[in-house]
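Report on one structure; see the data block that follows.
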Number of protein chains: 2
Amino acid sequence: MKKIEINLHINPKTYVKNPVTTDLGKKILENSVILIDELGLEDFSFRKLAIRISSTESSLYRYFENKHYLFIYLLNWYWEWTSTRIDLKLINVKEPEEKLKLIIRTLIDSSMKNADSPFIDEEILHRIVVREGTKAYHHKLVDTENEYGFFLSYKTLCKKISDVIIELSHNHQYPKTLASTLVETANNNLYFAKHLPRLTDIKEEKDPEVINDDLFQILHHLAMSSIKNRNENQVENKPKVNGNKIELLNL
Amino acid sequence: MKKIEINLHINPKTYVKNPVTTDLGKKILENSVILIDELGLEDFSFRKLAIRISSTESSLYRYFENKHYLFIYLLNWYWEWTSTRIDLKLINVKEPEEKLKLIIRTLIDSSMKNADSPFIDEEILHRIVVREGTKAYHHKLVDTENEYGFFLSYKTLCKKISDVIIELSHNHQYPKTLASTLVETANNNLYFAKHLPRLTDIKEEKDPEVINDDLFQILHHLAMSSIKNRNENQVENKPKVNGNKIELLNL
DNA sequence: TAGTTGTGATAGTAATACTACTATGATTGA
DNA sequence: TCAATCATAGTAGTATTACTATCACAACTA
């Protein structure tokens, strides 16, 4: 069976020179994913990458302004890749509830049997995203980079999810938060299951199939609970008790 | 009105010498919070901090092994501080639903009228936590640092929340994930509201009171939906459709 | 054949993230 | 009251990062 070759459109502002157009560019993408996975983002450097691919630092700077931009490129690739996989899976699916299930599955799994990228290893990239993906936008320069459109692919992905939520519950009050929460919670719980198991209900297990099934149930429950709960009356927010009682402790 | 002076217990493995025992130590805590807020974690350095407080790099290294450990210290302080605030607020509260509301409020707000820390500015620290708090555990050395107990305070905080969830719904299947999701979603949505508004349903607003009220409703809805949904039958996970249909695209 | 493209080689700068060692005034406790 | 130690400052040095700049050169392209 021939696989579909994926060529994703990535925001040109993330790179100086389009890496997919040359051999060295492709080598940069392929090996940066492997090296970031091995070393972690902070210990990864252009020098180490240059040594690994028998090139030079200055050559790498011809493709990406710095390692952060390269990281942003990879994240954009991941978000586009995930959106594409969702699109492919949703072809011919009419039922919105089935759509949501397929979306959740896609957020948990990184691989896709029928589609394939020539140089980026999606499974390794997914590991990176789970471990340090949020670093792409959690820093001082978000606003500038947001103006460059660095997070458009992420927003598009979330929009796609929130549209399905709205299909399921036309008047849902919080589709955007629910969408981004599903994406973030999927990654967080995969990470927690591996490193901080007390923060998740995924059973401590080695088998990734079982972990993914657990997580599917968790996310599905979270999403469908919110979708089915059409309680539209706002809740009393301000606390009535306490405040004065705390003063007792002031003695 | 006299405020309660807070002195929190922080894991001694995070520091070389306990910073609260000396003047320089307190200055380090106070000013690192301010400087990290100003510069962001990556641009913050011991050199810059030393200059700011008219000390030297080598002096700072007597308190913290490196800036990451100092960051971990601050995060632990925040988690302990949040746990303490929850404890104080829940005194004399019997109703579990009221407890959950107070917890959500505490996760959103950083300040507390009745309690106060002498050197760490909790509002600035909260801003740091919202922007880059997850960096504390999203890196290559989590497992080692987890063994040192660097994340115990975070786990304790989540445990506290999940206990209330269990109080509300004795047989809830996913209290741990729901607890950590509430904490993470609170921070994420505060961040999104400021920088990536399309990822949240918080209305674009300048008034922090309105933002916090919006977020309260969102988190309350998310939590109570899941708690009230006692649908215990597992959902069919594997997709039945597609798979073969995708092959049509292989031409 | 001249020009462009892609890459490599070399060198240099400023900053980071430390480590090591010395010096000094203040406190304390035997 | 004298020695010890504590808290801090100062000075110097190393390895690495995160770049920037310049020149050389081979391959391909018009």
[X] [atom1] to [N] [atom2], straight-line distance once rounded to whole Å:
{"X": "Phe44(B)", "N": "dA15(C)", "atom1": "CZ", "atom2": "C1'", "result": "15 Å"}
{"X": "Phe46(B)", "N": "dT16(D)", "atom1": "CZ", "atom2": "P", "result": "21 Å"}
{"X": "Lys17(B)", "N": "dT5(D)", "atom1": "NZ", "atom2": "P", "result": "14 Å"}
{"X": "Leu24(B)", "N": "dG10(D)", "atom1": "CG", "atom2": "P", "result": "12 Å"}
{"X": "Lys67(A)", "N": "dT17(D)", "atom1": "NZ", "atom2": "P", "result": "9 Å"}
{"X": "Leu60(A)", "N": "dT17(D)", "atom1": "CG", "atom2": "P", "result": "13 Å"}
{"X": "Tyr15(A)", "N": "dG6(C)", "atom1": "OH", "atom2": "P", "result": "13 Å"}

Would you indicate which nucleotide in [options] comes nearest to any side-chain atom of [X]?
{"X": "Ser45(A)", "options": "dT7(C), dA17(C), dA18(D)", "value": "dA18(D)"}
{"X": "Asn66(B)", "options": "dT16(C), dA18(D), dC18(C)", "value": "dC18(C)"}
{"X": "Arg62(B)", "options": "dT22(C), dT7(C), dA9(C)", "value": "dT22(C)"}
{"X": "Ser58(B)", "options": "dG10(D), dT8(D), dA18(D)", "value": "dG10(D)"}
{"X": "Ser59(B)", "options": "dG10(D), dT8(D), dC19(D)", "value": "dT8(D)"}

Sidechain N-carboxylate O distance under 4.0 Å for Glu38(A), Arg52(A):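 Yes.
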NZ/NE/NH1/NH2 to OD/OE distance under 4.0 Å, Lys27(A) and Glu30(A):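 Judged by the 4.0 Å cut-off on N to carboxylate O distance, Lys27(A) and Glu30(A) do not form a salt bridge.
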Toward the 5' end of DNA chain C, by each residue's nearest nucleotide, Glu42(B) or Thr56(A):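 Whichever sits nearer the 5' end wins; that is Thr56(A).
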Aromatic plane relationship, Trp79(A) with Phe151(A) - under 30° parallel, 30 to 60° tilted, over 60° perpendicular: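 The rings of Phe151(A) and Trp79(A) stand perpendicular, inter-plane angle above 60°.
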Below 4.0 Å: OP1/OP2 of dA20(C) and any side-chain N or O of Tyr61(B):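 Answer is no, no contact under 4.0 Å.
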Phosphate OP1/OP2 of dT17(D): any Lys48(A) side-chain N/O under 4.0 Å: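 So the side chain of Lys48(A) is within the cut-off, an N or O lying under 4.0 Å from OP1 or OP2 of dT17(D).
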Pair His195(B) + Tyr137(A): ring centers closer than 6.0 Å: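 They do not qualify: ring centres at least 6.0 Å apart.
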Touch class at under 4.0 angstrom, heavy-atom based, for Ser54(A) against every strand present: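 Answer is sugar-phosphate: Ser54(A) comes under 4.0 Å of backbone atoms only.
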Sugar-phosphate, base or nothing in reach of Phe64(B), heavy atoms under 4.0 Å: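 Touches nothing.
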Residue mapping more 5' on DNA chain D - nearest nucleotide basis, Glu57(B) or Ile53(B):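 Counting from the 5' end, the first nearest nucleotide belongs to Ile53(B).
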Side-chain H-bond candidate by donor/acceptor type, Ser153(B) with Glu80(B), under 3.5 Å: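 Their side chains do contain a donor-acceptor pair, which is all the 3.5 Å distance test asks for.
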